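What follows is a set of notes on a single structure, which appears directly below.
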Amino acid sequence: VDTDHFGKVNRASPSYLPFNHAIVALRDPGESSGWKFLDPTIRLATPGTLGQWSANRDALILADGEAIWSRTPDTTAGELDYFFTLDLDPSGTLSGWMNVTARGYYAAYYADKYLGLGQDSKIRETQDLVQRFYPNAIVIDLEHDEIDDFNEQFKFKAYLDVPYPYPDSG
């Protein structure tokens with residue numbers, strides 16, 4: 001597939017040059033194209049999971065000694081749901097949990113991100129995400145689903161403090 005621009009390839013040009021990423025195609029009569037695609041560069045992904053850079057793209061499939069044109073499905077990268085449960089103490093500090101439910105590619109991304117990391121490293125990795133919502137937040141703790149049980153959904157939650165005064169929002 002060509003992961004740049006609109007992912008369209010001039011089919012009259014018999015060359016590998018337009019392609020910059022390889023994915024796996026499995027024959028699947030249940031799919032409208034007859035193929036189920038998988039991006040093996042996304043660890044923990046199940047068949048059918050594609051990143052947004054591989055969705056809705058022309059694909060040249062090499063199978064049984066022939067070249068077959070197809071198109072990857074127009075899928076999303078998944079969903080991310082954020083839910084905050086925060087309390088405000090008398091000093092003005094916000095404290096509580098940020099709960100995240102990730103599905104599809106995002107689930108594989110976060111499960112892989114935490115795989116093999118110690119707790120301190122997981123907290124550091126999560127700090128960047130939390131600070132997109134609260135720039136001066138400090139992540140105190142992190143809990144997440146067991147990665148061994150990963151199956152298209154991954155939940156994690158971070159306990160955070162947002163000390164007062166808050167930075168100017170500009």
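These numbers come from a predicted model, not from an experiment.
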Worksheet item: For T72, does its backbone N or O pair with a side-chain atom of R57 as donor and acceptor, under 3.5 Å?
Response: no

Discussion item. I'd like to check the salt bridge (charged side-chain N to carboxylate O under 4.0 Å, His left out) partners of D89; sequence neighbours left out, ordered by chain and number.
Written reply: none

Discussion item. Once you measure the plane-to-plane angle for F156 and Y110, does it fall in the parallel (<30°), tilted (30-60°) or perpendicular (>60°) bin?
Written reply: tilted

Fill in: Sidechain-backbone polar pair: Q119 side chain, L142 backbone, donor-acceptor under 3.5 Å
yes

Discussion item. Restricting to non-hydrogen atoms, name the atom on W53 and the atom on H21 that form the minimum distance, rounded to 0.1 Å.
Written reply: NE1-NE2, 3.9 Å

Discussion item. Would D64 and R27 count as a salt bridge (charged side-chain N to carboxylate O under 4.0 Å, His left out) here? Give the steps.
Written reply: CA-CA 12 Å; D64 302 323; R27 290 188 193 277; 3.0 Å; yes

Discussion item. Once rounded to the nearest 0.5 Å, what's the spacing between atom CG of L129 and atom OH of Y82?
Written reply: 5.0 Å

Discussion item. If we ignore hydrogens and angles and just use 3.5 Å, is the side chain of Q131 paired with the main-chain N or O of A137 as donor and acceptor?
Written reply: yes

Worksheet entry | Nearest heavy-atom neighbours spanning A102 and A107 | O-CB, 3.3 Å

Discussion item. Taking L88 as the starting point, is it possible to reach Y134 by hopping between hydrophobic residues whose side chains are less than 4.5 Å apart?
Written reply: yes

Fill in: Heavy-atom check, side chain of R124 versus side chain of V139, under 4.5 Å
no

Worksheet entry | From L115 atom CG to L44 atom CG, the distance as rounded to the nearest 0.5 Å | 6.0 Å

Worksheet item: Measuring from I123:CD1 to L160:CG, what's the distance to the nearest 0.5 Å?
Response: 11.5 Å

Worksheet item: Within a radius of less than 6.0 Å around CZ of F133, do more than 12 heavy atoms belonging to other residues, nucleotides or ligands occur?
Response: yes

Item to complete: Measure the spacing between OH of Y159 and OG1 of T85 and express it to the nearest 0.5 Å.
Response: 10.5 Å

Worksheet item: Hey, what do you get for CZ (F84) to NZ (K157), rounding to the nearest 0.5 Å?
Response: 14.0 Å

Worksheet item: Tell me, do L50 and Y105 make a side-chain contact under 4.5 Å, heavy atoms counted?
Response: no

Worksheet item: Closest heavy-atom contact between L60 and A67?
Response: CD1-CB, 3.8 Å

Item to complete: For side-chain contact (heavy atoms from CB on, under 4.5 Å), just list the numbers for F37 and E31, CA-CA rounded to whole Å, side-chain angles, deciding distance to a tenth of an Å, and then say yes or no.
Response: CA-CA 10 Å; F37 295 92; E31 294 291 322; over 6 Å; no

Worksheet entry | Considering all heavy atoms, the nearest D39-S54 contact | OD2-OG, 3.7 Å

Worksheet entry | Heavy-atom closest pair, residues A45 and L38 | O-CD1, 4.0 Å

Practice prompt. Could you check if a side-chain atom of W35 sits within less than 4.5 angstrom of a side-chain atom of I68, using non-hydrogen atoms only?
Written response: yes

Practice prompt. Spell out, as yes or no, whether a donor-acceptor pair under 3.5 Å connects the side chain of T126 to the backbone of K122.
Written response: yes

Practice prompt. Scan side-chain atoms only and decide if Y114 and S121 contain a donor-acceptor pair under the 3.5 Å cut-off.
Written response: no

Discussion item. Checking side-chain polar atoms at under 3.5 Å, does S95 have a donor or acceptor matched by the opposite partner on D161?
Written reply: yes

Item to complete: Determine yes or no for a side-chain-to-main-chain donor-acceptor pair under 3.5 angstrom, with N136 supplying the side chain and P163 the backbone.
Response: yes

Worksheet item: Can you find a heavy atom in the side chain of S91 that is under 4.5 Å from one in the side chain of Y164?
Response: no

Practice prompt. Supply the atom-to-atom distance Y109 OH to I42 CD1, rounded to the nearest 0.5 angstrom.
Written response: 12.0 Å

Item to complete: Mind telling me whether F154 and H144 have parallel, tilted or perpendicular rings, with 30° and 60° as the class edges?
Response: tilted

Worksheet item: D81: what forms a salt bridge (charged side-chain N to carboxylate O under 4.0 Å, His left out) with it, not counting sequence neighbours?
Response: R103

Discussion item. Can you tell me if K155 has over 12 outside heavy atoms packed within less than 6.0 Å of its NZ?
Written reply: no

Worksheet item: Taking a hydrophobic cluster as the set of Ile, Leu, Val, Met, Phe, Trp and Tyr residues connected by side-chain heavy atoms closer than 4.5 Å, whether directly or through intermediates, do L80 and M98 fall within one such cluster?
Response: yes

